Amino acid sequence: MSGIDRYDAQAVERKWQALWAARGTNTFTDEALATAKDPFYNLMMFPYPSAEGLHIGNIYAFTGADVHGRYWRLRGKTVFEPIGFDAFGIHSENYALKVGTNPNDLIPRNVENFTRQLKRIGGMFDWDHVVDTTDPRYYRWTQWIFLKLFEGGLVERRNAAVNWCPSCKTVLANEQVVAGLCERCDTAVEQRQFLQWFFKIGQYAERLLDNIATLDWSDSTRKAQANWIGRSEGAEVDFPIEGRKGAVRVFTTRPDTLFGATYMVLAPEHPLVDELTTPGQRDAVDAYRTQVGKRDLIERKKTDKQKTGVFTGGHCVNPINGQAIPVWIADYVLMEYGTGAIMAVPAHDERDFEFATTFDLPIVRVIAGPGDDASAPLDAAFTDDGVLVNSGDFDGASVEDGKRRIVGYLESRGAGTAKVNFRLHDWCVSRQRYWGPPIPIVHCADCGAVPVPESQLPVLLPRIEDFKPDDSGISPLARVKSWFETTCPSCGKAARRETDVSDTFLDSAWYFMRYPSANRDDAPFDPQVTSKWLPVHSYIGGNEHAVLHLMYSRFVTMALKDLGHIDFEEPFTRFRAHGLIINEGMKMSKSRGNVVVPDTLIEQYGADTVRMYLMFLGPYEQGGDYRDAGIQGPTAFLARLWQSVLEAEDAPVDEAVERKLHQTIARVTSQIPNLHYNTAIAALMEYLNVVRAGGRKPSRAEVAPIIVMLAPFAPHIAEELYERIGHTEGLFETARWPQFDPAKIVEDVLDIGVQVNGKLRGRVSVASDASEAAVVEAARANENVARFIDGRTIRKQIYVAGKLLNLVVG
RNA sequence: GCCCGGGUGGUGAAACUGGUAGACACAAGGGACUUAAAAUCCCUCGACCGCAAGGUUGUGCGGGUUCGAGUCCCGCCCCGGGCACCA
């Protein structure tokens, strides 16, 4: 094997990573970003550096996004592909607590290791525009956004229920509550009311929902967003309190069932509970409310538990029929949704039915399906469609019609009104934690909550050794007197800083706006650069963020637009979620001990092979099953390609190969932008198999296009081979994506399947321009086909041009 | 319970708007080269019957539409993920 050196992945990858860095192949100056032609912003979700290193799932995610970016670059676009670190927040803090190291020391070390790994896999990252959310140069502007929303009236401080561990005396996030117990000390978790900061995302519900239709996002993600927003149409109805002034307002999606409302239920926290409670029921009501308060938030929202509740002793009047109905309280009614009160229609709502059955409350049927006996007792709630019964003048109306007419009736008497409600609740952004950007507010006894002036940003997070949540019950920052003691920006008197930090989701709700302006210190984002690069052209990330992160990013973008800071309101034009990598059919986890460590793999096979293998496993949007043995495929493929290119001769493309080449270009060109990486790689393999068939030596013209098409997947080896066939200037700098000629794709001989009565009986080869008659003739000449049609008459023949002939005989 | 995915050989998976099921790989078996091993190359590879030609059968299950169904329709089962007392 004369003088052809073997493929040494490590050497090739070292060489090209160094050259890319030296040449600035993947990095932009700010000037270059500002003047870029045909910009393509290729974004991927930045990682939490909350582990020593990246796991294979991260590598999978980034590689898939990188393939996409590299492809568009070869197609001639100016591709900006930044990366960063979502380094603040509970993930990182919990990891720091677990390993017992101060996050100020630990997280930068993690970031450093992540950076090393990201460089090693050969991502086309712009290392001159990195974002680290813990960098004061970044979170200064996170605080700025808080202030802008505050000025814009989109921020509010109010009481909210939180999970509270009475033993640790601390607030717990939902994920820290395990089966109703504190994950650290196993004490039963309670609810407590705390003052918290909220972003009023609820105001944007309708817009967030309507815009979904305009987004090029995968269907499942759009559905998830729509479900989360949860629009429901119905009515608010006032039930006057019996024996005194005032009314209880309820929200219902079924105003048509108003005649069937036989009792009411208020959330235990409802402000009218005290007023409605009679002296005789006072003790029972108080006891119930205490008991509910002892439950954690998750437990309270469980569907499958026994209904509980207690009668207040009070009554309200059903406005449709003047009937007095009892008012109960129960924890299945939630204060956060609607009005915190419902009219109960046990005949037509499963929950109400269950409650009524438990407490022996009356059930009145007001909707009947065809043929139903409206007076027969129900053994379950009837939730199907039907017509109104036992509903006075409205009897006989359809559900749809009944809704409209009853709402109309209520409106005419001032007793109710049509109303749309959203499930989307306001975003609680405050965290009683250490590792986050301090909320830029000063509390003054005289002036109240005063925003920190912009000129004083950032409000630096002080380094403290005692960052663990302890039994003080409030943020760790509340222990640092020297930090929180300050003066009021408004009146100058002694005041106290807000000691909560903001939610990590706020850090990540605008990082994509920062990337192109990452080096600016005078503004969060440069207006010109921003309007050139945003909204993001392609965003790729995990489905775990399909709801919250994407929703919050959309909200912040909308709010910033309304406040005049940007000129677009949807941040991500296109979004695709990648799938999950599992190992031998099982989820990877430390406890299973089946975690694939990327470093080891890359050392053994090289980054290109690992990238190819990951992309070859299965459809990118569906994920794949990692199996150790499978990596042999791409390993051998790259070795064969290497050898083929090095021994390629100076000759034109062989005629037989040419068709396959153009077919391959066509396939790969359409598959990569659709993220069908596995089949694109298969097409390249097929082509190489044809090029090498029978041990023939390929020509340089045959292998040159494959090098370019391989480059998105295996950029290092592609560069090396590109250089070795005579290019000196770098593949990604100079190569163009190969073009195919549609005329050269067409086969001149076609293989037609011949069916008799729908069963395949033979195949015939015909010229591609053969007429139907010629195909039929060839088919009849086929011995096996003839066996099945001889002696019978052909009743029908179906010819699918170029593919198949079906002869129906009788 | 609701909303998304998904179920195809021993394995990962292909199959464009209904049109020759299993591309491309892995594993396995056989062979070549080699002192040997590795590497490489060649062949076989859904099941059943058959020496072969070929036949039967086959895409989770049961029906249906169609000349023709992995693909469409109806009714189920199983796996993965998300949401969930949202009135």
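What you see is a predicted model; the values in this text were computed from it and never measured. In the text below, chain A, chain B and the rest are named by the order of the sequence lines, each starting its count at 1.
- B:G46 and B:U11 are spaced 13 Å apart, taking the P atom of each and rounding to whole Å.
- Look at CD1 on A:Ile631: it is 16 Å from P on B:A25, rounded to the nearest Å.
- Taking the P atoms as reference points, B:A13 lies 15 Å from B:G80, given to the whole Å.
- At least one test fails for A:Lys419 against the ring of A:Phe251: distance under 6.0 Å to the centre or angle within 45° of the axis.
- Base pairing annotation: B:A84 forms no Watson-Crick or G-U wobble pair, as no partner gives both donor-acceptor distances under 3.5 Å.
- Within a 6.0 Å radius of CZ in A:Arg780, other residues, nucleotides and ligands contribute 12 heavy atoms or fewer.
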Pull out every protein N or O sitting under 3.5 Å from an N or O of nucleotides 2-12 of chain B, one pair per line with the distance.
| residue | atom | partner | partner atom | Å |
| --- | --- | --- | --- | --- |
| B:U11 | O2' | A:Arg627 | NE | 3.2 |
| B:U11 | O2' | A:Arg627 | NH1 | 3.4 |
| B:G12 | O2' | A:Leu617 | O | 2.8 |

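- Straight-line distance from the CZ atom of A:Arg249 to the P atom of B:A87: 18 Å, rounded to whole Å.
- Across all strands shown, B:U56 pairs with B:A47; the Watson-Crick or G-U wobble distances both stay below 3.5 Å.
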* Structure fact -> Contact string for nucleotides 65-75 of chain B, one letter per nucleotide 5' to 3', B = base within protein heavy-atom range under 4.0 Å, S = sugar-phosphate only, - = neither, reads --B--------

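- Atom CD in A:Glu686 sits about 8 Å away from atom P in B:A25, given to the nearest Å.
- Ion pair A:Asp256/A:Arg404 not flagged as a salt bridge, since none of the NZ, NE, NH1 or NH2 atoms sits closer than 4.0 Å to an Asp/Glu carboxylate oxygen.
- Applying the salt bridge (charged side-chain N to carboxylate O under 4.0 Å, His left out) definition to pairs two or more places apart or across chains, those involving residues 622-643 of chain A are A:Glu584-A:Arg627, A:Asp625-A:Arg627.
- Remark: A:Lys759 is in phosphate contact with B:U57, judged by side-chain N or O atoms under 4.0 Å from OP1 or OP2.
- A side-chain donor from one of A:Thr679 and A:Gln671 sits under 3.5 Å from a side-chain acceptor of the other.
- When the P atom is compared between B:U71 and B:U8, the two are found 14 Å apart, to the nearest whole Å.
- If you take CG of A:Asp349 and C1' of B:A87, they are 6 Å apart, rounded to a whole angstrom.
- One C1' atom belongs to B:G30, the other to B:C45, and the distance between them is 11 Å to the nearest Å.
- By the side-chain contact (heavy atoms from CB on, under 4.5 Å) test, A:Asp349 pairs with A:Arg351, A:Asp352, sequence neighbours left out.
- B:C74 and B:A21 are spaced 25 Å apart, taking the C1' atom of each and rounding to whole Å.
- Applying the salt bridge (charged side-chain N to carboxylate O under 4.0 Å, His left out) criterion to A:Lys223, with sequence neighbours excluded, gives no partner residue.
- Comparing A:Thr308 and A:Ala636 against RNA chain B, the residue whose closest nucleotide sits nearer the 5' end is A:Ala636.
- A:Gln671 has its CD atom 11 Å from the C1' atom of B:C24, to the nearest Å.
- If you check every strand for non-hydrogen atoms under 4.0 Å, A:Asn421 touches nothing.
- Nucleotide B:G9 carries a syn base; the chi torsion (O4'-C1'-N9-C4 or O4'-C1'-N1-C2) is within 90° of 0.
- Comparing the C1' positions of B:G64 and B:G68 gives an interatomic distance of 15 Å, to the nearest angstrom.
- Looking at heavy-atom distances under 4.0 Å, A:Arg222 makes no contact with the nucleic acid at all.
- As the counterpart of B:C24, B:G12 is assigned, both hydrogen-bonding distances of the Watson-Crick or G-U wobble pattern falling under 3.5 Å.
- Which of B:U20, B:A27, B:A13 sits closest to the side chain of A:Gln632 comes down to B:A27.
- Pair assignment for B:A38: none, as no Watson-Crick or G-U wobble contacts are both less than 3.5 Å.
- The listed nucleotides are B:A87, B:U20, B:A25; the one nearest the side chain of A:Arg640 is B:A25.
- Here salt bridge (charged side-chain N to carboxylate O under 4.0 Å, His left out) pairs that include residues 327-344 of chain A, with residues two or more places apart or in two chains, are A:Arg295-A:Asp331, A:Lys301-A:Glu336, A:Lys305-A:Asp331.
- Distances shorter than 4.0 Å separate some side-chain N or O of A:Arg423 from OP1 or OP2 on B:A84.
- Atom-to-atom, OH of A:Tyr799 to P of B:G18 comes out at 19 Å; the value is rounded to the nearest Å.
- A:Lys660 meets the salt bridge (charged side-chain N to carboxylate O under 4.0 Å, His left out) test with A:Glu686; sequence neighbours excluded.
- Atom name C1', nucleotides B:U59 and B:U20: the rounded distance is 16 Å, in whole Å.
- Phosphate proximity of B:A14 to A:Asn678: present, with a side-chain N or O under 4.0 Å from OP1 or OP2.
- Under the salt bridge (charged side-chain N to carboxylate O under 4.0 Å, His left out) criterion, A:Arg249 pairs with A:Glu236, A:Asp238, not counting sequence neighbours.
- One P atom belongs to B:G70, the other to B:C61, and the distance between them is 12 Å to the nearest Å.
- Nearest to the side-chain atoms of A:Lys803 among the listed nucleotides B:C26, B:C85, B:G19 stands B:G19.
- Across all strands, A:Val333 comes closer than 4.0 Å to base atoms (heavy-atom distances).
- Qualifying salt bridge (charged side-chain N to carboxylate O under 4.0 Å, His left out) partners for A:Arg289, counting only residues two or more places apart in sequence or in other chains: A:Asp274.
- Under the 30°/60° scheme for interplanar angles, the aromatic rings of A:Tyr620 and A:His578 are found to be tilted.
- Using cut-offs of 30° and 60° on the angle between ring planes, the pair A:Phe355 and A:Tyr332 is tilted.
- The interatomic distance linking A:Glu621 (CD) with B:A13 (C1') rounds to 16 Å, in whole Å.
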Listed pairs under 3.5 Å, donor-acceptor, residues 787-797 of chain A side chains, sequence neighbours left out:
| residue | atom | partner | partner atom | Å |
| --- | --- | --- | --- | --- |
| A:Arg787 | NH1 | A:Asn784 | OD1 | 2.8 |
| A:Gln797 | NE2 | A:Glu772 | OE2 | 3.0 |

Distances under 3.5 Å only, N/O to N/O: pair up the protein atoms with those of nucleotides 44-54 of chain B.
| residue | atom | partner | partner atom | Å |
| --- | --- | --- | --- | --- |
| B:G54 | O3' | A:Asn784 | ND2 | 3.4 |

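- Following rounding to the nearest Å, A:Glu354 (CD) and B:A87 (C1') show an atom-to-atom distance of 14 Å.
- Remark: A:Ser232 is in phosphate contact with B:A87, judged by side-chain N or O atoms under 4.0 Å from OP1 or OP2.
- With sequence neighbours excluded, the residues satisfying side chain to side chain donor-acceptor pair (under 3.5 Å) with A:Asp216 are A:Arg576.
- For the pair A:Met685 and A:His676, nearest-nucleotide mapping onto RNA chain B gives the more 5' position to A:His676.
- Within the 4.0 angstrom heavy-atom criterion, no nucleotide atom of any strand lies near A:Pro634.
- In this structure, the nucleotide among B:C24, B:G19, B:C83 sitting nearest to the side chain of A:Trp228 is B:C83.
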